[in-house]
Asks: 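The structure is given below, and queries will be raised subsequently.
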Amino acid sequence: MASGGLSDEEVSELVDKLKQYAKLAHKENLTSQATGKITKDNLLWKELRTDMDSSIFPVCKDDKTKRFMTITKEKSMKFLAKSAEKLEAKRKGKKPPEGSTWEKELLKNLKGTQLTGVTKESKTGNVSHFTDCSGYTGTHKERFDDSGKGKGKDGRDDTTPKDGYVQAFKDKGTYDETH
C-alpha cells in the first residue's frame, strides 16, 4: 500500500495521468501551464484553480530555480496530498463521500487530457485550395511531386551550378546559346 491511503495501482494511475498533461506542455515534466490545464479540464480540480499556481505547484516543483516538477511517484503523491489539503480547507469541514478521502476523490476526478479548441478543417471548403499544389508556380512548384507530397530538402535545394566566369553566374556555357 502506498502512502496516503492509495494503492500502488492508484499511484501508477496518478503518475500516468500527470504524464499525459505534461506532454502538452514540457515532455516529461509538469509545468504551471499543465497544472492550469488540469484545473480547467476536471470538475473537482476547478476549485483549486486559484491555489494551484500560488501554493500547490510551488511546493511540489523541483527546486526554487526550476519551473517544472519532474513526475515521480513521490512528487506525484506530494502534489496530490497538497491538492487534497487545499481542497479540504476550501470545503471547510465537509467530508468526502463515505469510505473515501479527498486524495481518492481528486484522483477519481482526474481525467485524461481533453484537447479542446482544436482547429478542424473548414466544412465550407474555402481552404481546400491551400493543400492543392497543382496551381503552384515557380520555385513553389518544385517543392512538391505530382501527387502533392512535399519533397523535403530536395524541393528546397537550388541545384543549378554556380561555376561561371563570375561568382554568382549560373548555367555555365549558356552565353553562346543566347547571343
Side-chain angles (χ1 to χ4, degrees), residues 1-124 126-128 130-131 143-144 148-156:
M1 192 71 137
S3 63
L6 298 178
S7 67
D8 290 333
E9 294 85 29
E10 289 173 322
V11 173
S12 296
E13 179 186 350
L14 172 66
V15 169
D16 290 340
K17 287 181 180 179
L18 290 179
K19 282 186 179 182
Q20 284 180 8
Y21 279 99
K23 285 180 185 174
L24 294 176
H26 195 271
K27 296 181 185 166
E28 291 293 314
N29 301 316
L30 199 64
T31 62
S32 178
Q33 178 187 5
T35 59
K37 183 85 171 124
I38 289 171
T39 59
K40 219 183 254 187
D41 287 351
N42 302 293
L43 188 61
L44 191 58
W45 290 81
K46 283 185 181 183
E47 294 181 39
L48 301 172
R49 187 171 219 159
T50 55
D51 294 319
M52 190 59 73
D53 278 343
S54 61
S55 58
I56 297 171
F57 185 68
V59 172
C60 300
K61 65 183 185 174
D62 287 347
D63 48 29
K64 295 181 194 268
T65 58
K66 301 226 170 136
R67 300 181 333 252
F68 55 83
M69 176 183 100
T70 305
I71 301 174
T72 62
K73 285 185 177 185
E74 295 78 26
K75 293 263 186 183
S76 299
M77 285 300 300
K78 184 177 181 181
F79 177 73
L80 186 64
K82 191 69 176 165
S83 299
E85 178 185 316
K86 286 292 179 182
L87 183 63
E88 188 173 1
K90 278 195 172 286
R91 295 251 169 138
K92 294 187 174 109
K94 290 182 185 174
K95 302 263 186 221
E98 182 119 1
S100 184
T101 62
W102 285 120
E103 290 168 338
K104 286 189 178 194
E105 289 301 309
L106 283 170
L107 179 61
K108 188 183 345 173
N109 193 264
L110 184 62
K111 310 271 188 287
T113 59
Q114 301 166 2
L115 297 176
T116 56
V118 176
T119 306
K120 296 180 177 90
E121 187 176 339
S122 172
K123 291 180 181 166
T124 60
N126 61 348
V127 293
S128 62
F130 291 141
T131 56
R143 295 185 62 194
F144 300 91
K149 187 171 187 243
K151 292 181 183 176
K153 188 169 180 177
D154 294 334
R156 292 189 304 272

Asks: Applying side chain to side chain contact (heavy atoms under 4.5 Å, CB included), name anything that partners A81, two or more places apart in sequence or on another chain.
Replies: E103
Asks: Please enumerate all residues that pass side chain to side chain donor-acceptor pair (under 3.5 Å) together with E47, with sequence neighbours excluded.
Replies: R91
Asks: Kindly indicate whether the side chain of L18, heavy atoms from C-beta on, has any atom under 4.5 Å from the side chain of I38.
Replies: yes
Asks: Are L48 and L106 side-chain neighbours, meaning at least one heavy-atom pair lies under 4.5 Å?
Replies: yes
Asks: Report the residues that fulfil side chain to side chain contact (heavy atoms under 4.5 Å, CB included) with E85, sequence neighbours left out, ordered by chain and then residue number.
Replies: K82
Asks: Tell me, please, which residues at least two apart from R49 pass salt bridge (Lys or Arg N to Asp or Glu O under 4.0 Å).
Replies: none
Asks: Report the residues that fulfil salt bridge (Lys or Arg N to Asp or Glu O under 4.0 Å) with K86, sequence neighbours left out, ordered by chain and then residue number.
Replies: none
Asks: Do S76 and V11 have side chains that approach each other closer than 4.5 Å (heavy atoms only, starting at C-beta)?
Replies: no
Asks: With distance as the sole criterion, is a donor-acceptor pair present between the side chains of Q33 and T31 under 3.5 Å?
Replies: no
Asks: Is the shortest heavy-atom distance from the side chain of L87 to the side chain of E105 under 4.5 Å?
Replies: no
Asks: Which heavy-atom pair separates A34 from L30 by the least distance, and what is that distance?
Replies: CB-CD1, 3.7 Å
Asks: Among residues at least two apart in sequence or on other chains, which ones pass salt bridge (Lys or Arg N to Asp or Glu O under 4.0 Å) with K78?
Replies: none
Asks: Can you name the closest pair of heavy atoms from W102 and A84 and give their distance?
Replies: CB-CB, 3.9 Å
Asks: Just verifying a value: how many Å separate E10 CD and M77 CE, rounded to the nearest 0.5 Å?
Replies: 9.0 Å
Asks: Please report the shortest heavy-atom distance between C60 and F79, naming the atom on each side.
Replies: SG-CA, 3.4 Å
Asks: Looking only at heavy atoms, which two atoms of N42 and N109 are closest? And how far apart?
Replies: OD1-O, 3.2 Å
Asks: The criterion is side chain to side chain contact (heavy atoms under 4.5 Å, CB included); which residues satisfy it with S12, sequence neighbours excluded?
Replies: K73
Asks: Before giving the answer on side-chain contact (heavy atoms from CB on, under 4.5 Å), spell out for T35 and M69 the whole-Å C-alpha distance, their side-chain angles and the decisive distance to 0.1 Å.
Replies: CA-CA 10 Å; T35 59; M69 176 183 100; over 6 Å; no
Asks: Mind checking what makes salt bridge (Lys or Arg N to Asp or Glu O under 4.0 Å) contact with K46, not counting sequence neighbours?
Replies: none
Asks: Quick check for you: to the nearest 0.5 Å, what is the distance between I71 atom CD1 and Q20 atom CD?
Replies: 10.0 Å
Asks: Who passes side chain to side chain donor-acceptor pair (under 3.5 Å) against E13, sequence neighbours left out?
Replies: K17
Asks: Between CG of L43 and CG of D41, what distance do you get to the nearest 0.5 Å?
Replies: 11.5 Å
Asks: What are the two closest non-hydrogen atoms of L80 and L107, and how far apart are they?
Replies: CD1-N, 4.3 Å
